[in-house]
Number of protein chains: 2
Amino acid sequence: MRRDIFQAIADPTRRAIIALIALQAMTPNAIAENFNTTRQAVSKHLRILTECELVKQEQKGREIYYSLEIEKMKEVDQWLEQFRKIWETRFNQLDQLLSTIKKQKK
Amino acid sequence: MRRDIFQAIADPTRRAIIALIALQAMTPNAIAENFNTTRQAVSKHLRILTECELVKQEQKGREIYYSLEIEKMKEVDQWLEQFRKIWETRFNQLDQLLSTIKKQKK
DNA sequence: ATTATATGCAACTTTTCGGTTTCACAAATT
DNA sequence: AATTTGTGAAACCGAAAAGTTGCATATAAT
């Protein structure tokens, strides 16, 4: 089983779950109420999210509260970093081009 | 077919292809040389990347050069934005906590 | 003109994925 | 003690994905 964060966020339902529990910890039942699937399907998603450490649990009696392990999200951010560098370079090049054109107009 | 950027970057080979052609345009054959798969498999990945507009082609004779449509990568960046806000809030809270502790020490 | 090279596409196979159904178990409620 | 509630896990199913094989086409080289 692959189970990395990129595979985890590939599914739209999982992205929605992530967004949901980012704000506050929730039980599987409460999460499932927000979707058109069964509790079991949500439970399966939560297992996947847990497996790649995107989610943490806190047991309270028979209820289990799930919340987002927000630090893990930074892995995606780090991966994007290499492309952000390219954006910036391109932007600077464009910037230089524009100022060159400006100079020529004078 | 779903075909969104999150599904596209879920596959590790595709992420590698993206990183490769981000730096310079390459032909399918040249790309395939970097991996343990057949040219056809790479070709299929390129088609998927093209379908979700992550990649653009430029034909030169019988060769086709693929390069990254870097703007599209910003979609992931935008999605991360909501979590970045949470990071910053948490960070500020930690910051406040630390300065409170500092004050108490005095 | 013939051959080699670069590529895309379609058919097929195996694996993975997302969902449902069913069951088991533990905590809470009656 | 019996019942209800909250949950996880396994078995199964259909759909989609990833890879391989084979073929078609166009350009380049001989």
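As the structure is a prediction and not an experimental result, all values here were calculated from the model. Convention: sequence-line order gives letters A, B, ...; per-chain numbering from 1.
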Does [X] make a side-chain N or O approach to OP1 or OP2 of [N] shorter than 4.0 Å?
X     : N      : answer
A:T38 : C:dT20 : yes
A:N29 : D:dT7  : yes
A:R14 : C:dG18 : yes
B:R3  : D:dA17 : yes
A:T27 : D:dG6  : no
A:S43 : D:dG8  : yes
A:H45 : C:dG19 : yes

Contact class for A:Q40 vs. all strands (heavy atom < 4.0 Å): base, sugar-phosphate, or nothing?
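Here A:Q40 touches the bases of the nucleic acid.
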Base, sugar-phosphate, or nothing: which does B:R47 touch, judged by heavy atoms less than 4.0 Å apart?
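Sugar-phosphate, no base atom in range.
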Under the 3.5 angstrom rule, does the side chain of A:Q7 hit a backbone N or O of A:I9 as a donor-acceptor pair?
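No, because the side chain of A:Q7 does not come within donor-acceptor range (under 3.5 Å) of the backbone of A:I9.
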[X] has an atom [atom1]; how far is it from atom [atom2] of [N], in whole Å?
X     : N      : atom1 : atom2 : result
A:Q57 : D:dG8  : CD    : C1'   : 10 Å
A:I64 : D:dT5  : CD1   : P     : 18 Å
A:E63 : D:dT4  : CD    : C1'   : 14 Å
A:N36 : C:dG19 : CG    : P     : 11 Å
A:L46 : C:dC17 : CG    : C1'   : 16 Å
B:Q59 : D:dT25 : CD    : C1'   : 12 Å
A:D4  : C:dC17 : CG    : P     : 10 Å
A:E33 : D:dT7  : CD    : C1'   : 14 Å

Same hydrophobic cluster for A:I18 and A:L20, using side-chain heavy-atom links shorter than 4.5 Å among ILVMFWY?
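Yes; tracing contacts between hydrophobic side chains, which count when under 4.5 Å, links both residues.
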If you draw a 6.0 Å radius around CG in A:N36, do more than 12 non-hydrogen atoms from other residues or ligands fall strictly inside?
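No - once you tally the heavy atoms of other residues, nucleotides and ligands closer than 6.0 Å, there are 12 at most.
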Report, as yes or no, whether the 6.0 Å neighbourhood of atom CZ on B:R47 holds more than 12 heavy atoms from other residues, nucleotides or ligands.
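Incorrect, the count does not exceed 12.
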Of the candidate nucleotides [options], which contains the atom at the shortest distance from the side chain of [X]?
X     : options                : value
A:Q7  : D:dT7, C:dC17, C:dG19  : C:dC17
A:I48 : C:dT22, D:dT20, C:dG18 : C:dG18
A:A41 : C:dT20, C:dG8, D:dA17  : C:dT20
B:K44 : C:dA11, C:dG19, D:dG6  : C:dA11
A:R39 : C:dA6, D:dA18, D:dG8   : D:dG8

Which residue lies toward the 5' end of DNA chain C, A:G61 or A:T37, if each is placed at its nearest nucleotide?
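The residue mapped nearer the 5' terminus is A:T37.
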Mark yes or no for a side-chain to base donor-acceptor pair under 3.5 Å between B:R62 and C:dT5, with no hydrogen or angle criteria applied.
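Such a pair exists between side chain and base.
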Looking at every heavy atom in both A:D4 and B:R15, which two are closest together, and how far apart are they?
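Closest heavy-atom pair between A:D4 and B:R15: OD2-NH2, 3.7 Å.
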What distance do A:L68 atom CG and A:I17 atom CD1 have between them, rounded to the nearest 0.5 Å?
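A:L68 atom CG to A:I17 atom CD1 measures 11.5 Å (nearest 0.5 Å).
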